[in-house]
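Down below is the structure, laid out as structure tokens.
Lettering of chains follows the sequences in order, A, B, ..., and the numbering in each one begins at 1.
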Number of protein chains: 2
Amino acid sequence: MSSRSAGRGEGRPTLEAVAALAGVGRGTVSRVVNGAAGVSPRARTAVEQAIAELGYVPNRAARSLATSRADAVALIIPETETRLASEPFFASIIRGVASELSETELQLLLILVSTERERRRLAGFLDGRRVDGVLMVSVHADDPVAELVESTGLPTVLGGRRSELEPLSYVNSDNLGGAWSAVRHLLGLGRRRVATITGPLDMEASCVRLEGYRRALEEAGVAVESPLIAHGDFSEESGEEAMAELLGREPALDAVFCASDLMAAGAMRALRRAGRRIPTDVAVVGFDDSPLARHTEPTMTTVRQPSEEMGRAMARLLLEEIAAPGRSHRQIILSTDLVVRESA
Amino acid sequence: MSSRSAGRGEGRPTLEAVAALAGVGRGTVSRVVNGAAGVSPRARTAVEQAIAELGYVPNRAARSLATSRADAVALIIPETETRLASEPFFASIIRGVASELSETELQLLLILVSTERERRRLAGFLDGRRVDGVLMVSVHADDPVAELVESTGLPTVLGGRRSELEPLSYVNSDNLGGAWSAVRHLLGLGRRRVATITGPLDMEASCVRLEGYRRALEEAGVAVESPLIAHGDFSEESGEEAMAELLGREPALDAVFCASDLMAAGAMRALRRAGRRIPTDVAVVGFDDSPLARHTEPTMTTVRQPSEEMGRAMARLLLEEIAAPGRSHRQIILSTDLVVRESA
DNA sequence: CCAGCAAATGGGAGCGCTCCCAACTTTCGA
DNA sequence: TCGAAAGTTGGGAGCGCTCCCATTTGCTGG
């Protein structure tokens, strides 16, 4: 049903074969295939028939060579360790990107970069212009991979930004608002000793979430105390350690806002081990609303960020950027919302 | 640091430019670039120098056109609904595949197929020979996507198989042994009314896990009763429903083996709602050892399948198949092991 | 009835690379 | 010392497609 005649790579019909069968020139066939104007109805039908008969499919390499377009975009995930697997966030991004791209002719190249070797390989790859644009998530402030991508001058869209003055286009979620509403929720519950576990501070999202925490506290007239702030790296283990640390410094804390669900899960574990009841003794709020949040015990109150939509928006932005290169860069902020469950 | 001179696509140096600068012919440069033998040391250094000086990177489209290789493989995930996001299994596969591929020149194309439109697009894509091989996971028995792939004649490796007489190469985990040991564990705990929630029966893995369940029971001289068997589709909701159904039919059951962690999580929820204690009243075992298993309450006993290794093995097999096409197809079975936690 | 213009069409000239062969060197054995 | 074998090298001939221009065809108006 798919490839006619001998399925081998060699026998595949070319533009020329179609032209011959349809009794027209290559140019005409090309026009039909690419939906260009200026083809008589008669010629068009003849060509379409020939295409169907031969089962013609254009050779992308040849097209690429002639047009110097790649018809592909890369999604770069600089994943340290096992984050890809443990954080469904990435999977959602992938889904969003893929679904948006499926409307187009563009292919999606997935590039996981963790080692130095892979980074070098990426450099050559991008310089080889095998893609028309680049999507990149999980960017750290001085990420060499991001710099590499930026230096290629390819259309690029980031998921998240490196700093407030991010020169590249990006899609971000409202980290400030999300964190703020999480902490406000905690305060609304009457909690006053609210701690926070941040993500890695070389990621802007972490800083902004911390800032949201600060603002909510200040607005409520509650002092921001550094013993109530601990740092993690988004991983579950780091959340567990940070929580233990917090508990050691501030035994009286009655709530904690974690910059990721994974860390919140770790924190919950640490709290349980310390004999604290959740949420009675300590209320916990996470960030992401990953599937995990519905499986912790108690279920987790968390800030939902629309990760799939984020992937979609990234892809859309990239398409625009590819279509109109040089245009000034754009950014999209997606709103977050608090999902209240049992833990707070 | 990456692209010299005017970064624009046009100004990029070609093979010819390198040849000119090095004072040799195109053939020699090509030989050097491709590490072919038969180049004098003198010529080789001259070429290498020129390449460095010009920052030359071969144009892949041109190479593809000339060699009719694509230097890429596709990973096809026929994902229904949100499975990609909810099942870290896929993420692990991706990681494994990507890490194995990073040793090579091959690029990884990710193709998510869920709609009919996307399937048609895939057909054209594969016929366009844009990849040298195909990797595919989550295959259903009469999966049209799998048939499509098979019909292209491209080197292909499946994750899982469609039936016992799967003609394509595949990597599979020991579903039979895994299920068997899970149920044996349950029996060892003294449980005698052991139920099971299967996956979709149009997937071989589901059938085999069910078979493992049967055998363990039979070996122990325990009758296999159909009221103790319910069917799900690997999703959490289906697990919940199936468990409710089971409870209705067989209130006295004291254990349940679920063909996926997600369904086990759903089952646990249903049990809790029905007032059954886990594992006191009903012991639960899942399958996959997804991250989720460590977050349920109680934590889940489950069968671990090495999903990342599965991805790796798939990639390795595909590389072999691409290198030596026509060679008879191969299969690899990865062993599973039981991870005992609190739920059983 | 024909000049004059627009629409349609054919096909040459690449795109940058690999393949392969003819030609040239060098080396070695007799 | 010479011919043959082995080692090198250059570059023509594509790979299949798009771009673009010259040419042909089909109309319209004077």
Report yes if a side-chain nitrogen or oxygen of [X] is closer than 4.0 Å to either non-bridging phosphate oxygen (OP1 or OP2) of [N]; otherwise report no.
X	N	result
B:Asn59	C:dC15	no
B:Thr67	C:dT18	no
A:Ser30	D:dC17	no

Using a cut-off of 4.0 Å on non-hydrogen atoms, how would the nucleic acid contact of [X] be classed: base, sugar-phosphate, or nothing?
X	answer
B:Ser68	nothing
A:Val33	nothing
A:Arg26	base
A:Ala19	nothing
B:Ala43	sugar-phosphate

Between [options], which one does the side chain of [X] approach most closely?
X	options	answer
A:Leu65	C:dC17, C:dT18, D:dG16	D:dG16
A:Ser40	D:dC20, C:dA8, D:dA13	C:dA8
B:Leu15	D:dC17, C:dT18, C:dG11	C:dT18
B:Ala62	C:dT9, C:dG16, D:dC17	C:dG16
B:Ala66	C:dT18, D:dT18, C:dC15	C:dT18

Next on the checklist: Tell me whether the side-chain N or O atoms of B:Arg31 pair up with the base of D:dG10 as donor and acceptor below 3.5 Å, since no angle test is needed here.
Outcome noted: yes

Checklist entry - Is any N or O donor-acceptor pair between the side chain of B:Arg12 and the base of C:dG16 shorter than 3.5 Å? => result no

Item to check | A:Val18 side chain near A:Thr14 side chain, heavy-atom distance below 4.5 Å | outcome: no

Next on the checklist: Between B:Glu321 and B:Arg330 (salt bridge meaning N to carboxylate O under 4.0 Å), is one present in this structure?
Outcome noted: no

Next on the checklist: Could you check whether A:Arg121 pairs with A:Glu118 (Lys NZ or Arg NE/NH1/NH2 to Asp/Glu carboxylate O, under 4.0 Å)?
Outcome noted: no

Next on the checklist: Between A:Arg312 and A:Ser99, is there a side-chain donor-acceptor contact under 3.5 Å, judged purely by atom types and distance?
Outcome noted: yes

Checklist entry - Do you know which of B:Ile76, B:Val137, B:Val139 makes side chain to side chain contact (heavy atoms under 4.5 Å, CB included) with B:Leu158? => result B:Val139

Item to check | Interatomic distance, B:Asp71 CG vs C:dC17 P [rounded to whole Å] | outcome: 13 Å

